[in-house]
Structure formats: structure tokens, C-alpha cells
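Working notes for the structure below.
For ligands, and for the atoms within them, numbers begin at 1 and follow the listed sequence. What you see below is based on every heavy atom in this structure, not just the backbone, and it leaves out hydrogens, waters and symmetry mates. By convention here, the first residue in the shown sequence is residue 1.
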Amino acid sequence: MTFDVVTIFPRMIEAGLAEGVVRRGIDKGLVDVGVHDLRDYTSDRHRTVDDVPYGGGPGMVMKVEPFHRAVEAIRARRGAPGAVVLLSPQGRAFTQAEARRLRGLGNVVLLCGRYEGIDERVCDLFVTEELSVGDFVVSGGELPALLIIDAVSRLVPGVVGDEGSVEADSFTRGLLDYPHYTRPAEYAGLRVPDVLISGHHAEVRRWRRHQAVARTAARRPDLLSSAQLDDEERMLLDALRERDVEKEKSNGRD
Ligand code: 9D3
């Protein structure tokens, strides 16, 4: 799996890759990240990457030519990319499903914008998709690019030491995680649930699944419609919903 990031802040990308799971994936040769300074693909003495907007208005717009030359240089080095992604607030939402899809594409180019916007001809000429990382404003595409590299690299076999933890990940099954505890058994008056100390492994599994379903229903009910639930989890959810209905009824009475 390779990523090539085009940015005016290459050190921001380097800094984000200096440590952690992705770093180890790079060191093991499972992931390769090329970082490309957009200014190296300018052709004027001042290494200009932006200009005033046609039609007027505030701010600056990133020029098409440096991005075009950067993508052509990457294509010459790596071959045809599986995707040329523009990180953009206008993009489709990046999700775990999108991460799995990108994982299958082999060579992914990530273009980071700054300033008010990017010349639309970047999209017209060589961008194959636009992705956003969420409904909030960040200052540029660099942190979103790092986030995507991290989420996709975790899916490359061998990058995460314990394959079981990738499989168990929240979102792989579509449910939030259950609560975790480690020693001591009591802290600030709060005890670890007895079932976890009991040694009844079947009961522990049941409790964790119950917690995962209950938490997802309480905090992220939007996830439940596409979650993969087994029969017992379905019944748990139905029981939780039945309880809510009863609560609504008694609220209506007082
Ligand atoms: C101040 C400019 N804004 C005017 C309405 C638009 C705007 C342009 C560029 C806002 C933010 C940015 C920089 N953000 C990204 O490039 C970006 C982003 C984001 O802000 N949120 C979520 N995902 C992404 S991916 C790239």
C-alpha cells in the first residue's frame, strides 16, 4: 500500500508519521508514504502556489499547475494511482467503509488544500474523488490526510500487531466498544463490575455484548440500522427499546 501526499506543509505530514502504528508499518515495509512539497512543482522564481480569485472576493485560490505537475511526477514514479483524492470540506464523508475501499486501491494520492479554495480544474483534470473527514472546519487537508493514512494502514495485514484487535474494532461490526477495566478492583469508591472478576467467561462475553448494544443505542442510535447483530443482541436491543417505551408511558402519566 502506498500513499503520496502533496502539501505546502510537508513537515506536518512527516511529524504525524514520526511515531505510532503507521510508523511501524512503514518500518516493516508494509506501507510507503511519499511526502511531496507542492512548491517543488512550481515553475516561477517565487515558487507561487496561490493567486487571487477570478471574479474577486476574499482570500487566495490554490493554482492548478503545481498540483498537476506533482501528480504527473508521482504517476511517473509509482505508475497509475488507484485514486487521486482531494481532501475537501465539500467531499463525501470518510467512513470505515471508505477506509476499506481505499485499502483495496493500492496506490493512493492525497492532495491537501489550504487557503479559501482550490482551482476547480484540479477536480476536472485529475482528482478521482473528494473526501471530507467530518462536519467541522480544520485549516487544511494535512490532518485529514494523516487521519486517512492511519485508518487505511490499520487495515493492511501486519500493520497492527494484533489482528484480533482490528477485527474487534468498533465499526468493524458497527457497534461501539464495551467498557474496559484494569486493576485496582476498587478506585475512588468505584468497583469493577463483579461479572468481570467472576471468571465466568461466557457471562463476561454476554455482559460485554450487552454493554456494547446498550451504549450504541444510547449514544449512537444511528449506527444500529447497519450494525451486524446476532439473535441475542437483537433480543437485547428489543428489550432496551421495550423499556424505553414503558418509560415514555410512565412519563406521560406524571
Ligand atoms: C475559510 C474558508 N471556508 C470558507 C467558507 C471554506 C474552507 C476552505 C478550506 C474551510 C476549510 C478549509 C480547509 N479544510 C480542508 O481542507 C478540509 C476539511 C475540513 O475543513 N473539514 C473536514 N474535512 C476536511 S478535508 C479537508
Side-chain angles (χ1 to χ4, degrees), residues 1-18 20-22 31 33-42 47-71 74 81-155 169-171 219-220 222-223:
M1 181 93 217
T2 76
F3 300 93
D4 285 279
V5 186
V6 180
T7 170
I8 61 168
F9 294 131
R11 285 177 305 181
M12 234 179 123
I13 304 298
E14 301 286 5
L17 299 173
V21 166
V22 179
V31 175
V33 183
V35 184
H36 309 266
D37 187 340
L38 185 64
R39 292 189 195 279
D40 292 344
Y41 299 93
T42 55
R47 304 187 9 122
T48 311
V49 293
D50 62 343
D51 205 340
V52 295
Y54 273 114
M60 299 292 272
V61 174
M62 296 188 86
K63 293 164 68 65
V64 59
E65 195 204 354
F67 277 116
H68 198 181
R69 293 180 59 187
V71 170
I74 292 163
V84 179
V85 178
L86 176 63
L87 288 316
S88 148
Q90 280 76 48
R92 183 169 71 241
F94 180 71
T95 59
Q96 191 68 21
E98 291 289 333
R100 284 191 284 264
R101 186 178 58 77
L102 292 184
R103 157 69 191 103
L105 296 182
N107 299 325
V108 172
V109 177
L110 300 166
L111 307 181
C112 305
R114 285 265 154 176
Y115 310 114
E116 295 305 296
I118 294 183
D119 191 308
E120 188 64 20
R121 291 167 293 188
V122 168
C123 303
D124 301 337
L125 285 171
F126 46 88
V127 163
T128 62
E129 51 192 285
E130 279 183 67
L131 292 176
S132 159
V133 299
D135 294 339
F136 47 84
V137 180
V138 295
S139 306
E142 286 77 11
L143 290 172
L146 283 168
L147 191 149
I148 288 174
I149 291 169
D150 189 291
V152 175
S153 297
R154 293 176 57 78
L155 303 177
D169 257 335
S170 149
F171 298 120
R219 301 181 188 185
R220 292 294 307 279
D222 58 298
L223 295 179

Problem - Stepwise salt bridge (charged side-chain N to carboxylate O under 4.0 Å, His left out) check, Arg47 with Asp40 - result: CA-CA 7 Å; Arg47 304 187 9 122; Asp40 292 344; 3.3 Å; yes
Nearest-neighbour protein heavy atom for [atom], which is reported as residue plus atom name and distance:
atom: atom 20 (O) of ligand 1; answer: Val138 N, 3.1 Å
atom: atom 22 (C) of ligand 1; answer: Gly134 O, 3.2 Å
atom: atom 7 (C) of ligand 1; answer: Pro89 CG, 4.2 Å
atom: atom 3 (N) of ligand 1; answer: Glu116 OE1, 4.3 Å

Distance filter under 4.0 Å to [X] heavy atoms, resulting ligand 1 atoms:
X: Val137; value: 10 (C), 11 (C), 20 (O)
X: Ser132; value: 22 (C), 23 (N)
X: Tyr115; value: 8 (C), 9 (C)
X: Ser88; value: 25 (S), 26 (C)
X: Leu131; value: 25 (S)
X: Phe136; value: 19 (C), 20 (O), 21 (N), 22 (C)

Hey, does [Y] have a side-chain heavy atom less than 4.5 Å from the side chain of [X]?
X: Val52; Y: Val61; result: no
X: Leu102; Y: Leu131; result: yes
X: Lys63; Y: Thr48; result: yes

Problem - Reference residue Cys123; test side chain to side chain contact (heavy atoms under 4.5 Å, CB included); the match among Val64, Leu86, Ile118 - result: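 It is Leu86; the other options fail the test.
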Handout entry: Test applied, side chain to side chain contact (heavy atoms under 4.5 Å, CB included); reference residue, Val33; option that passes from Thr2, Leu17, Leu110
Key =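 For Val33, the side chain to side chain contact (heavy atoms under 4.5 Å, CB included) test succeeds with only one of Thr2, Leu17, Leu110, which is Leu17.
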Exercise for the section: Examine the proximity of ligand 1 to Ser139 and report which part, side chain or backbone, both or neither, has a heavy atom under 4.0 Å away. Expected result: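 It is the backbone that touches ligand 1; the side chain stays farther off.
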Handout entry: Expected output: side-chain Ser153 to main-chain Asp150 donor-acceptor under 3.5 Å
Key =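 The answer is no, because no donor-acceptor pair under 3.5 Å joins these two groups.
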Problem - Gln90 backbone acceptor or donor facing Ser132 side chain under 3.5 Å - result: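 A pair under 3.5 Å: no.
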Exercise for the section: Start with the C-alpha distance between Glu130 and Arg92, add both sets of side-chain angles, then the distance that settles salt bridge (charged side-chain N to carboxylate O under 4.0 Å, His left out), and finish with yes or no. Expected result: CA-CA 6 Å; Glu130 279 183 67; Arg92 183 169 71 241; over 6 Å; no
Exercise for the section: Flag Val133 as yes when one of its N or O atoms lies below 3.5 Å from any N or O atom of ligand 1, and as no otherwise. Expected result: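 Min N/O separation from ligand 1 is below 3.5 Å for Val133.
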Handout entry: Distance flag for atom 17 (C) of ligand 1, protein heavy atom under 4.0 Å
Key =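 At least one protein heavy atom is under 4.0 Å away.
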